[in-house]
Chemist: 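Handing you a structure now.
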Amino acid sequence: MTPTLWLVVPAAGCGRRMGADRPKQYLTLGGRTVLSHTLSRLHAAFPEARLCLCLDADDSHFNPAWVPFRDWRRVDGGVERVDSVINALEAIVAEEGDEQALVLVHDVARPCVDAGDLARLFAVVDDDPVGGLLAAPVADTMKRDDGAGRVARTEDRAGMWHALTPQGFRLGVLRRALTRVRAEGVTVTDEASAVEALGLAPRLVPGRRDNLKITHPEDLALAGRILAAQASDERSIGHEECR
Ligand SMILES: Nc1ccn([C@@H]2O[C@H](COP(=O)(O)OP(=O)(O)OP(=O)(O)O)[C@@H](O)[C@H]2O)c(=O)n1
Ligand SMILES: C[C@](O)(CO)[C@H](O)COP(=O)(O)O
């Protein structure tokens with residue numbers, strides 16, 4: 001039997017760096033919330049997946065109408081991202097008997113994720129014994145600061161990648177990795193770091209650099225321009241196909 005595909009969307013953050021009057025996933029682009037855009041992108045790529053949405057227990061902004069999935073459930077987020085994802089995995093384990101179920105974890109703050117990237121990531125992680133993540137090769141020169149606003153040194157950018165999301169792993173591997181780093185007090189900012197701490201090497205799946213994580217105020221307008229450009233490209237491709 002084909003293992004189930006689960007999508008975990010951490011959406012319980014407060015958007016401190018955005019500094020808005022609400023969590024950034026509830027800011028709007030083109031009249032729709034960031035959360036709605038992100039879930040629509042994931043649903044277009046994986047309409048039959050099962051969704052586990054991590055929301056703050058006191059979230060007063062969420063509207064279930066923004067969830068396009070037929071099979072979805074809400075779990076309470078945790079203090080940190082890793083706690084939110086672990087809460088989702090525990091809810092999945094309670095429903096899913098198969099540790100081989102594939103779990104893709106995607107930030108709600110990444111609404112511009114490309115359908116082709118999603119398809120390529122799924123194809124890789126569905127056929128890999130470890131799993132992997134979308135990532136973009138570093139194209140800028142990278143500086144390490146001295147803590148006082150000056151350059152301490154330039155880092156070698158060869159072989160450096162920006163980790164993006166989704167990041168995809170088998171349920172058993174991911175649950176073991178995240179619970180272990182939390183138990184050991186190891187701080188991780190993505191799922192792949194926890195899997196690496198098991199001594200495993202996730203696959204790097206090259207992804208588009210416009211898979212932006214909305215983090216700072218200027219990112220919102222940039223994400224809006226990316227979404228508009230992607231929509232325009234889709235319309236022009238649609239016209240081409242009609243000719
Ligand atoms: N306790 C947390 C913290 C973060 N997230 C989610 O993890 C993703 C990436 O986190 P980040 O971009 O840091 O979002 P925030 O934590 O909201 O931002 P900030 O750090 O600026 O507060 C976001 O989709 C966020 O909603 C979560 O589900 N639970
Ligand atoms: C998971 C992630 O998006 C990969 O780059 C990133 O680590 C999230 O970091 P944040 O500080 O929680 O936004």
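Starting from 1, each residue takes its place in the sequence as its number. Just follow the structure's listing: the first ligand is 1, and inside any ligand the first atom is 1.
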Chemist: Could you tell me which residues satisfy side-chain contact (heavy atoms from CB on, under 4.5 Å) with Thr141, sequence neighbours excluded, listed by chain and number?
Modeler: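 Once residues adjacent in sequence are excluded, the partners of Thr141 under the side-chain contact (heavy atoms from CB on, under 4.5 Å) criterion are Lys143, Thr154, Arg157.
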
Chemist: What residue and heavy atom of the protein are closest to atom 3 (O) of ligand 2, and at what distance?
Modeler: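 Of every protein heavy atom, Asp107 OD2, 2.5 Å lies nearest to atom 3 (O) of ligand 2.
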
Chemist: Does ligand 2 have a heavy atom under 4.0 Å from the side chain of Lys213, from its backbone, from both, or from neither?
Modeler: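 Under 4.0 Å from ligand 2, Lys213 contributes side-chain atoms alone.
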
Chemist: Non-hydrogen atoms closer than 4.0 Å to ligand 1: which protein residues do they belong to? List them by chain and number, please.
Modeler: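 Answer by chain and number: Pro10, Ala11, Ala12, Gly13, Cys14, Gly15, Arg16, Arg17, Lys24, Gly78, Val79, Glu80, Arg81, Ser84, Asp107, Val108, Ala109, Lys213.
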
Chemist: Heavy-atom contacts with Thr165 under 4.0 Å: which atoms of ligand 2 show up? List them by number with element.
Modeler: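 Answer, ordered by atom number: 1 (C), 3 (O).
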
Chemist: Which atom pairs, one a donor and one an acceptor, fall under 3.5 Å between side chains of residues 76-85 and the rest of the protein, sequence neighbours left out?
Modeler:
{"unit_1": "Arg81", "atom_1": "NE", "unit_2": "Asp107", "atom_2": "OD1", "d": "3.1"}
{"unit_1": "Arg81", "atom_1": "NH1", "unit_2": "Glu191", "atom_2": "OE1", "d": "3.2"}
{"unit_1": "Arg81", "atom_1": "NH1", "unit_2": "Glu191", "atom_2": "OE2", "d": "2.3"}
{"unit_1": "Arg81", "atom_1": "NH2", "unit_2": "Asp107", "atom_2": "OD1", "d": "2.4"}
{"unit_1": "Asp83", "atom_1": "OD1", "unit_2": "Arg182", "atom_2": "NH1", "d": "2.8"}
{"unit_1": "Asp83", "atom_1": "OD2", "unit_2": "Glu80", "atom_2": "N", "d": "2.9"}
{"unit_1": "Ser84", "atom_1": "OG", "unit_2": "Gly78", "atom_2": "N", "d": "2.8"}

Chemist: Find all atoms of ligand 2 within a distance of less than 4.0 Å from any non-hydrogen atom belonging to Arg110, and give their numbers and elements.
Modeler: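 Counting atoms of ligand 2 from 1, those under 4.0 Å from Arg110 are 2 (C), 3 (O), 4 (C), 5 (O).
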
Chemist: Where's the contact between Glu191 and ligand 2, heavy-atom distance under 4.0 Å: side chain, backbone, both or neither?
Modeler: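 Contact part for Glu191 vs ligand 2: neither.
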
Chemist: What protein heavy atom is closest to atom 5 (O) of ligand 2, reported as residue, atom name and distance in Å?
Modeler: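 Looking at atom 5 (O) of ligand 2, the protein heavy atom closest to it is Ala163 O, 2.6 Å.
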
Chemist: Can you classify the ring geometry of Phe122 versus Phe46 as parallel (below 30°), tilted (30 to 60°) or perpendicular (above 60°)?
Modeler: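 It falls in the tilted class, 30° to 60°.
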
Chemist: Can any side-chain N or O of Thr33 pair as donor or acceptor with the backbone N or O of Ser36 at less than 3.5 Å?
Modeler: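 Judged by distance alone, yes, a pair lies under 3.5 Å.
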
Chemist: Output the list of atoms in ligand 2 that are nearer than 4.0 Å to some heavy atom of Asp190, sorted by atom number.
Modeler: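 Near Asp190, the atoms of ligand 2 are 1 (C).
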
Chemist: Which pair of non-hydrogen atoms, one from Lys24 and one from Val34, has the smallest distance, and what is that distance?
Modeler: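 That would be O-CG2, 3.6 Å.
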
Chemist: Report the residues that fulfil side chain to side chain donor-acceptor pair (under 3.5 Å) with Glu218, sequence neighbours left out, ordered by chain and then residue number.
Modeler: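 Scan of Glu218 (side chain to side chain donor-acceptor pair (under 3.5 Å), adjacent residues dropped) gives none.
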
Chemist: Arg17 to ligand 2: N or O pair under 3.5 Å?
Modeler: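 N/O-N/O distance below 3.5 Å exists for this pair.
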
Chemist: Does even one non-hydrogen atom of His162 get within less than 4.0 Å of ligand 2?
Modeler: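 His162 does not count as a contact of ligand 2 under the 4.0 Å cut-off.
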
Chemist: Is Thr215 in polar range of ligand 2, meaning some N or O pair under 3.5 Å apart?
Modeler: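 Between Thr215 and ligand 2 (N or O atoms, distance only) the closest approach is not under 3.5 Å.
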
Chemist: Return the option from Thr189, Leu164, Val188, Leu133 holding the heavy atom at the smallest distance from atom 8 (C) of ligand 2.
Modeler: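 Of the listed residues, Thr189 has the closest heavy atom.
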
Chemist: I need the minimum non-hydrogen distance between Ala57 and Arg74, along with the two atoms involved.
Modeler: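 Minimum heavy-atom contact is O-NH2, 4.0 Å.
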
Chemist: Gly131 and Val125: which non-hydrogen atoms are nearest, and at how many Å?
Modeler: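 Smallest heavy-atom distance, with atoms named: C-CG1, 3.9 Å.
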
Chemist: Which residue and non-hydrogen atom of the protein lie closest to atom 12 (O) of ligand 2, and at what distance in Å?
Modeler: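 Answer for atom 12 (O) of ligand 2: Arg81 CD, 3.8 Å.
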
Chemist: Provide the closest heavy-atom pair for Val181 versus Ala197 in the form atom of the first, atom of the second, distance.
Modeler: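 Closest heavy-atom pair between Val181 and Ala197: CG1-CB, 4.0 Å.
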
Chemist: Check the orientation of His43 and Phe69. Use parallel for under 30°, tilted for 30 to 60°, and perpendicular for over 60°.
Modeler: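 If you compare the ring of His43 with that of Phe69, the planes turn out perpendicular.
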
